[in-house]
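Chain A is the first sequence line, chain B the second, and so forth, proteins listed ahead of strands; every chain is numbered from 1.
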Amino acid sequence: MTPTSHQTDSTSVPLIVDDSRGRSFGGAGGSGAGASGAGPSFNDALLDGLNPPQKEAVEYRGPSLLIVAGAGSGKTSVLTRRIASLIDSREAWPSQILAITFTNKAAAEMRERVGALLGQTAEGMWISTFHSACVRILRREAENFGFTKAFTIYDSHDSRTLIKRIIKELQADTFGFTVSGVAGKISKLKNELADADSYARSANFDDPQERLFVEIFRQYTRSLSAANAFDFDDLIGQTVYLFRAFPHVAATYRRRFRHILVDEYQDTNHAQYSLIRELTLPVEEEPGSDQRTASLPGASLTVVGDSDQSIYAFRGADIRNIVEFERDFSGAKVILLEQNYRSTQNILSAANAVISNNFDRKDKKLWTDVGNGEKIVGFTGYSGHDEAQFVADEVTKLHEQGTPYKDVAVFYRTNAQTRALEEILIRSAVPYRVLGGTRFYERAEIKDVLAYLIAVANPFDAMALRRILNTPKRGIGPATETALGVFAQTNEITYREAMRRAPELGLGPKVTGAIVDLAKMLDEATLLLDPDQPADDGSVGATGSVAEVLTMLLDRSGYVTALRAGRDPQDEARAENVEELVAVTREFQKNNPGGTLVDFLTEVSLVAAADELDDSSGTVSLMTLHTAKGLEYEAVFLTGVEEDLLPHRMAATEPGGPAEERRLFYVGITRARKRLYLSLAMTRAQFGETAVAMPSRYLQEIPAELIDWRQSPGMATSRGGTQPRALNASRPGGGFNSRSAVRASDSLSFRDADAAASRPKAEWPNRVTAQVRDNGNLELQAGDRIRHVDFGEGRVNAVTGEGTKRVAHVQFDSAGAKKLLIKIAPIEKL
DNA sequence: CTCTCAAAAGTCAAT
DNA sequence: CTTTTGAGAG
């Protein structure tokens, strides 16, 4: 493919590139005037209902624009209108627009909204995620540097499998290398655009540890290219490499994309930043070329972001990209959007108060004119289950009051927290959906089936072949698997070819037959997919659809049959998942009539957790705080607001960790439109043990008057026992009613009198972090009688556990048998 | 090569 | 607690 054959559309288009600094954009010649004939009225419509800074963000023209958009400030609206106005005024053709969003779902939504604004489907626009855009570029250009366009995308799990194999081969585990450690380091390096060679140049080879790491990195890179595969980080990094190594390729895309817009800019990493830089470079005049390749200024760049919502530093996001934007792109215009159209003032005040504790940030205050709204509701459960029960009860109540389930979301910091929530929600008959979690495409059975498809699409991918070699069981073991690999390597053929020539290996007749059969099956599938060999231009013909090929593979391999025959009770569910995947391929075919197998695999590889969101599902959405970014809900439950969870134990010690966790909390708060619930638990089960939990330090950063504590941390641990309600007593029927709600100020009376007197807690009733009830070394043994604040008197039957986890098994006179954590339970010895 | 049982690890977030 | 991995027997 010659470089000049690309993008005839972009070079033949009359370009209007504005190089002025001001707001006038008519200077580029006649077309501006031409647009003004039909333009103004339409443009007015585009600005309809926008506030002044939003209008400016839509209208400003210049080389670079930074829109600092606080949460809920209507940035999606601004971005879509900006794109629409560029096209409407004829400043750009749709094909000259490249817009990067955070999820595929956001991209689809943006495309739809731009289409609606323009009254036509804007074809040719690239609106996609970083990864999707790069895959598109890489597939086109792969042949330039030793890959084919059918390359496989390895997800992080695949990468780890590969790394694991390499560590084992090199026996690097004896040097203290772990899979996760190596995977993390390689990913980090790739995000910094380093490769094995560049790393080796600066490595200290006197250190055997480092030498070995270089070797692992080298082998990993080699394995990837041998398999014709990219890992997630490569998708960005290799695109940058491609642009740098092949200037004419880069020039093609620089000519094509005249307007680049990036959403969530605060979460870009160095590789992504470099990609944007590459794309916005001016195109130099090529010496000796004709006039068609005249020099062009760099594309205009618009970035939108909010440094307060940067939550992906752990995967390489560099907040400096946005903080230093003005320095990077000199002459950049900065527009601030501070008016919030999403949440009530109470929610915003809480968010402002929390985030203001992060130093080193530009002060920025969200405001709204919709009024204070409801107070934030706080609740402290005795256990994770108790907390979940509160959530379920409140969701039910909201639903009865007319809030549809789909407008309610429950957030948590770690995926492990879903279990308790799911249990209670099922029991309470609340329809829900977990986003992310154990994702559909990460399930073993789905990966198995996808490996069949990958094996067909990319014959170089040994990993996919190895995966299906003995799935379902064909009597091919690891020894045979390795033998095939060695054979392929020594003869310099693909793994697939090695399988075809299995008879040459002199294995047993049964094994050889099984391998050859499998190879035949894959060859037939390849043929079904593309009857006339892979031609340069897609000589379509009677190409089998993805669904057909998949059905054929499943039939012939007997995968589903084997599952159904399995004894494991979960196998039936697995078989159903496979059926669902078949349905997904049919759906794909319907939505993408010309879609190829490679297109399907790409789509499947790049789904994000938030893409699974189905607005019409009519269910409550459960997700992590990270997944929640960019979404909004009528009512939001933010659960597990505890130390060690939020901030997470691991993050608390990392540099910048607590600040990032605070931003995460801030992101969670600002997702809520009308109602926000903050909940935590006194004890949390993890690793099969029950541990004492403390209220999060961030909780006390919220002004007390904003929170209506149904049960404050102080109350949940109080010893005085005048009346705090039952902690883990079963609640009658539909949960709370208003009479059980206790004002925050009341909670003071439940505290120890001396503590209440010594501190100005009236102002900060949330300041309870250090005051969690502690019974100290209260000694209990079987036979002791105790009194519990809620359950009354009872007799200790047994004491188990040690230290802070000592548990008393108590038979209460009226409340029945209970297990209590001695250290924190509201009990006293009689 | 497959199956069974026991030990060990994992849960911090995700394209 | 659950899920995955490894060793050893059949």
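Residue-level contact check: Asn470(A) touches the backbone only, with heavy atoms under 4.0 Å from sugar-phosphate atoms and none from bases. Heavy atoms of Arg419(A) sit under 4.0 angstrom from primed sugar atoms or phosphate atoms, though from no base atom. Within the 4.0 angstrom heavy-atom criterion, only backbone atoms of the sugar-phosphate kind lie near Ile476(A); the bases stay farther away. Among the heavy atoms of the strands, none lies under 4.0 Å from Lys510(A).
Distances were taken from every side-chain heavy atom of Ala608(A) (C-beta onward) to each of dT15(B), dC12(B), dC1(B); the shortest belongs to dT15(B).
Thr103(A) has no side-chain polar atom (N or O) that falls below the 4.0 Å cut-off from OP1 or OP2 of dT15(B). At dG10(B), none of the side-chain N or O atoms of Asn415(A) fall inside 4.0 Å of OP1 or OP2 (strictly under the cut-off). Side-chain N/O atoms of Thr624(A) include one lying less than 4.0 angstrom from OP1 or OP2 on dA14(B). Contact annotation: Thr627(A) reaches the phosphate of dA14(B) (side-chain N/O to OP1 or OP2, under 4.0 Å).
We find that the ring of His131(A) and the base of dT15(B) do not stack by the test of centres under 5.5 angstrom and planes tilted less than 30°. Aromatic stacking of Tyr312(A) on dA14(B): not satisfied for centres closer than 5.5 Å together with planes under 30 degrees.
In 5' to 3' order, the nucleotides of DNA chain C bounding all contacts with chain A (an atom under 4.0 Å from a heavy atom) are dC1(C) to dT5(C).
dT4(C) sits 16 Å from dA13(B) when the P atoms are compared, rounded to a whole Å. Using C1' as the reference atom, dT11(B) and dG6(C) are 22 Å apart when rounded to the nearest Å.
Checked against the 6.0 Å centroid threshold, Tyr154(A) and Tyr220(A) do not count as a close aromatic pair. Taking the six-membered ring for Trp, His157(A) and Phe232(A) have ring centres at least 6.0 Å apart.
Using a 4.0 Å cut-off between charged nitrogen and carboxylate oxygen, Asp234(A) and Lys190(A) count as a salt-bridge pair.
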Inset, instruction - Could you summarise the pairing of DNA chain B as dot-bracket text, marking Watson-Crick and G-U pairs under 3.5 Å with ( ) or [ ] inside the strand and | across strands? - result: ||||||||||.....
